[in-house]
Amino acid sequence: MILSRLFAASMPASANPSRWDIFCQVIDNYGDIGVCWRLARQLVDEHGFGVRLWVDDLAAFQRICPEIVPRYSLQTVQGVEVRHWDADFPEIDPGDVVIEAFACHLPERFIASMAGRKPAPVWINLDYLSAEAWVSGCHALPSPHPRLPLTKYFFFPGFNETTGGLLRENRLDQRRQSFCASPEQQTGFWRTLGLPPPPADILLVSLFAYENPAIGDLLAIWAQGRTPVCCLAPLTQTRSAIEAFVTQPLQAGDALRRGNLEIRMLPFIAQHEYDQLLWSCDINLVRGEDSFVRAQWAAKPMLWQIYPQDEDAHLTKLAAFLDLYCADLPEESRGAVRQLYRAWNGDKDAGRITADLWAEWMCALPDLRRNALDWAEKRAKQEDLCSCLVRFCRSKL
């Protein structure tokens, strides 16, 4: 509680949103805490704000940030005050800005404190990323509280200037280029993983996915194909599918070969190391939201598994993204991308992933490399999500 009082007293409310509360519930797949942790650090590092990050599952948080001590209810990590969000929520002064990440529902006691604060905090519901057309019309819309003198604003990340943009810290592309141009940095990265660098002439693929029956199909195609493939798989939900393919239990550090495929099982790695993994690979298979955005900034060809939803609602979101992402691709390459994405995401009309479908993707690879770089460069010209949030909140104070 002492640190919380210092948080409230050391930075008085003003037209500058200097004190932020971010609330995050870890569902099951780390994308939510991944986004919130990146945003919290950027607010501290680049804007000099005080940030309290409330997280309900510190053990899960520790997997992407090893500095977290799950038994501590209050700790400061990389300049961010991290608080355990449990059922016994304390009476506490809200910051200038309160972010309710992904509609996680703030504690009622905290909402009452927000209503009693003068001026009231800027209340943001940070929503999920989508390329759907309706997002632009809903971005930054106000929603008055039915009883209290509070207004919540819906803030949508997105891919154009009519949305909140994408999370991107300063100098990210310079760090990527420096890493890709430095054999020393690359060797150091493999050393931190306890692995030797893969051969230079191998197709390097990262595999980060939800449970997906198509994983086994893809592994079999790689094993039987002509192109040598090294699959780097962090120890996540893909483990059971990989174990079924190799017919043996696996753990971090294992490396094994099936035909023309080498599989390396990696530990669950911290965020900055995951960026380096993406930069190191020729193709990145990613999932959800956080790794999806980081793969775009990696400027490499990617295959995205969107979070599955009831009644295949996720396929509409997938199609909206592909309309944007593939717009500048030649028609044949565009078709190869769409077909593989649909099959990877369980679209029944697309069928299963086949060797022919993967061969079409590989033929399109030069186009995909150019498109990935061009896409990242165009998105980088837009205001990043953190800066967009700061600008918006200043306008509301």
| Quick one: CH2 on W54 to SG on C36, what's the gap to the nearest 0.5 Å? | 14.5 Å
| remark: For V69, the other hydrophobic cluster members (4.5 Å side-chain criterion, sorted by chain and number) are Y72
| message | Looking only at the side chains, is there a donor atom on one of S113 and E91 sitting less than 3.5 Å from an acceptor on the other? | response | no
| request: Check whether the side chains of Q224 and R258 place a donor and an acceptor atom closer than 3.5 Å, and report yes or no. | output: no
| task | Look at the rings of W358 and W222 and say which category their plane angle falls in: under 30° parallel, 30 to 60° tilted, over 60° perpendicular. | result | perpendicular
| request: Name the orientation class of the two ring planes belonging to F23 and F89 (parallel below 30°, tilted from 30 to 60°, perpendicular beyond 60°). | output: tilted
Electrostatic pair [X]-[Y], nearest N-O below 4.0 angstrom:
| X | Y | value |
| --- | --- | --- |
| R334 | E332 | no |
| E377 | K381 | no |
| E46 | R41 | no |

| field | Heavy-atom check, side chain of D328 versus side chain of K378, under 4.5 Å | value |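 Result yes, sub-4.5 Å side-chain heavy-atom pair found.
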| message | Using side-chain heavy atoms (C-beta onward) and a distance below 4.5 Å, is L129 in contact with F292? | response |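 Side-chain contact under 4.5 Å: yes.
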Output a table of donor-acceptor pairs, distance under 3.5 Å, between side-chain atoms of residues 319-326 and any protein atom two or more places apart or on a different chain; print 'none' if there are none.
residue, atom, partner, partner atom, Å
D323, OD1, R338, NH1, 3.4
D323, OD1, R338, NH2, 2.5

| said: Please check this pair: side chain of D367 against backbone of S333, looking for a donor-acceptor N/O pair closer than 3.5 Å. | reply: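 Not a single qualifying donor-acceptor pair exists.
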